[in-house]
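Just follow the structure's listing: the first ligand is 1, and inside any ligand the first atom is 1. Note that these values count all heavy atoms, side chains included, but never hydrogens, waters or copies made by symmetry.
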Amino acid sequence: MIVADWRWAPQAQVPEIVTRTGWGIAALVFLLAWRFGRGRVAYAVVMLAAAGESLRYLSAGASTDEGTALAVLLPVNFAVLAWTRDFRVWSVAGALRWAVLAAQAGAVATFAEPARPALGRPLLEALPPVAGGLPQSVLLSLLVALLAMAVRLRFRPEPIEAGLLVALGAVVAAWTVSGTAYYLAAAMLVLGVALVESTFALAFEDGLTGLPARRALEETLRHLGRTYAVAMVDLDHFKKFNDRHGHEVGDQVLQMVAAKLSGVKGGGRAYRYGGEEFSVVFAGKGAHDAEPYLEELRRSIAAADFTVRSPARPKEKPKAILALSGGIKKLKVTVSIGVAERSEKNPQPDLVMKAADKALYRSKRAGRNRVTLGR
Ligand code: GH3
Ligand code: MG
Ligand code: MG
């Protein structure tokens, strides 16, 4: 079987305006990625531009090996991007990534030769060397990458991870269907949208706990139906807690309490209202129906040992804590909760919140670590 003769699908002549628009989109998305510290998007755009250029060059009848190398490498790079942290385009971490990209380009230019079409050779002789217009090596790389990215998305359903997966789908279309430039431009647009979306989402997310923030809560409250309950959750004696263990330990405990709250059952959704106060919204449920789920939360928080690292310079009892500094501590914390529902007396979300706040206050006065229903 002479695989050296394998060629990319012949490309229909794409109007010059499309190519230029593609470059415009690439430049725009790259600049946005630079501006907003989304190096992964910038990296993906550079790869897509390279894919487009090399296909143009290849369809002019050059070696298939360079194109195949690129087609094997691109999905792998996308999968690695999906699994790694974002970076700034212009930074040490960025320089490292660009060096890796340049090294790959150098390796392809150096080793891919028409005389040694190793990459186009079938991996399994029993199967057709080319399926859907793609050689086996490319198919394998694509399958592994798509699987890795789908798994990543399952655990981290974020815009950029999703954008990379969709963009890779568009790349497959670009390789197998005529009109490459259209699909590559679409892939870059998808990444641009993902970038805008992930940046926009920052404003709605709390940086410390990862819970949706106050702004997201306000958005939710605007779109509730006729039946809902809102709970206010406040940590007990948290000021003392901070004084005793330090603000950093306090932050860790807030994160752990938030993790518990985010797992609330019964269709509730937790938000960080501000400071050490959280809200839980139950759409479609009254306060009575929501109460058992809140009670479950309260109990699980009270029962938990919050394991924290204690780096803090102590304010009190320096000797005792110094011995533990840098060590692991197990701490206890409780929460008080007030919950109220929409009713004739409280027909608006802000009134329901106020009623929940009053109920919370009654929980505090009654001795804390309890759930109180608003009247
Ligand atoms: P109560 O049981 O009545 O709620 O007492 P409290 O001390 O929790 O009440 P108060 O509202 O007076 O104090 C809240 C404290 O929460 C003040 C501040 O030290 C702490 N706090 C608020 N936001 C944060 C935060 O983001 N991180 C940390 N570590 N502490 C916070
Ligand atoms: Mg408070
Ligand atoms: Mg408090």
Side-chain angles (χ1 to χ4, degrees), residues 202-218 221 229-264 268-281 291 294-318 320-322 324-340 349-374:
L202 282 185
F204 290 86
E205 193 185 288
D206 174 55
L208 178 69
T209 62
L211 284 182
R214 175 100 166 241
R215 209 168 277 182
L217 172 66
E218 280 160 8
L221 292 177
V230 181
M232 295 300 287
V233 181
D234 186 292
L235 274 67
D236 294 329
H237 297 306
F238 201 56
K239 197 165 182 321
K240 270 191 215 149
F241 194 95
N242 269 320
D243 291 345
R244 189 167 305 147
H245 304 288
H247 210 261
E248 268 178 66
V249 170
D251 280 357
Q252 287 180 53
V253 168
L254 278 178
Q255 287 170 331
M256 288 184 277
V257 168
K260 290 236 172 243
L261 291 174
S262 73
V264 61
R269 186 149 166 69
Y271 300 80
R272 185 170 184 205
Y273 185 78
E276 33 83 79
E277 287 172 30
F278 300 87
S279 305
V280 185
V281 177
E291 195 200 354
L294 295 166
E295 183 57 30
E296 192 183 329
L297 272 184
R298 180 201 64 76
R299 213 174 318 142
S300 87
I301 290 170
D305 283 322
F306 292 102
T307 308
V308 296
R309 285 165 285 112
S310 53
R313 195 156 298 144
K315 284 190 181 171
E316 285 177 13
K317 295 198 224 159
I321 298 185
L322 208 62
L324 282 166
S325 75
I328 304 286
K329 282 202 260 188
K330 283 189 172 152
L331 300 172
K332 291 265 179 201
V333 74
T334 59
V335 294
S336 296
I337 303 179
V339 57
D350 54 331
L351 295 174
V352 179
M353 296 268 286
K354 233 175 236 165
D357 229 4
K358 274 191 193 152
L360 166 63
Y361 183 66
R362 292 216 306 279
S363 282
K364 293 278 184 191
R365 285 222 311 206
R368 297 180 169 79
N369 189 21
R370 65 195 63 213
V371 182
T372 306
L373 255 76

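- A salt bridge links Arg298 and Glu295; the closest N-O separation between the charged side-chain nitrogens and carboxylate oxygens is under 4.0 Å.
- Between the side chains of Thr372 and Ser363, at least one donor N or O sits under 3.5 Å from an acceptor N or O.
- For Glu276, the N, O or S atom with the smallest separation from the Mg ion (ligand 3) is OE1.
- For atom 28 (C) of ligand 1, the nearest non-hydrogen atom from the set Asp251, Asp234, Asn369 comes from Asp251.
- In this structure, the protein non-hydrogen atom closest to atom 9 (O) of ligand 1 is Glu276 OE1, 4.4 Å.
- Counting only distance, with no hydrogens or angles, the side chain of Arg362 and the backbone of Gly374 share no donor-acceptor pair below 3.5 Å.
- The residue from Asp206, Asp243, Thr334, Leu254 that puts a heavy atom closest to atom 24 (C) of ligand 1 is Leu254.
- Checked against the Mg ion (ligand 2), the N, O or S atom of Glu277 at the shortest distance is OE2.
- Between Phe241 and Phe238, the angle of the ring planes stays under 30°, which puts this pair in the parallel group of the 30/60° scheme.
- Panel note: side chain Asp236, backbone Asn369; a donor-acceptor pair is recorded below 3.5 Å.
- Considering Arg272, Glu277, Arg368 only, the shortest heavy-atom separation from atom 26 (O) of ligand 1 involves Arg272.
- Using a 4.5 Å heavy-atom threshold, the side chains of Leu254 and Phe278 count as touching.
- Remark: minimum distance from atom 7 (O) of ligand 1 to any protein heavy atom is reached at Lys239 N, 2.9 Å.
- Contact annotation: for Leu235 versus ligand 1, heavy atoms closer than 4.0 Å belong to the backbone alone.
- Heavy atoms of Glu248 found under 4.0 angstrom from ligand 1: none, in either backbone or side chain.
- Distance alone, capped at 3.5 Å, places no donor-acceptor pair between the Glu291 side chain and the Leu373 backbone.
- The angle Asp234:OD1 - the Mg ion (ligand 3) - Leu235:O amounts to 70°, with values rounded to 10 degrees.
- Here the heavy atom of the protein found nearest to atom 23 (N) of ligand 1 is Gly275 CA, 3.2 Å.
- In His245, neither the side chain nor the backbone holds a heavy atom less than 4.0 Å from any atom of ligand 1.
- Close N/O approach between Leu208 and ligand 1 is not found [any backbone or side-chain N/O within under 3.5 Å].
- Among all non-hydrogen protein atoms, the one lying nearest atom 19 (O) of ligand 1 is Asn242 ND2, 3.1 Å.
- For atom 5 (O) of ligand 1, the nearest protein heavy atom lies closer than 4.0 Å.
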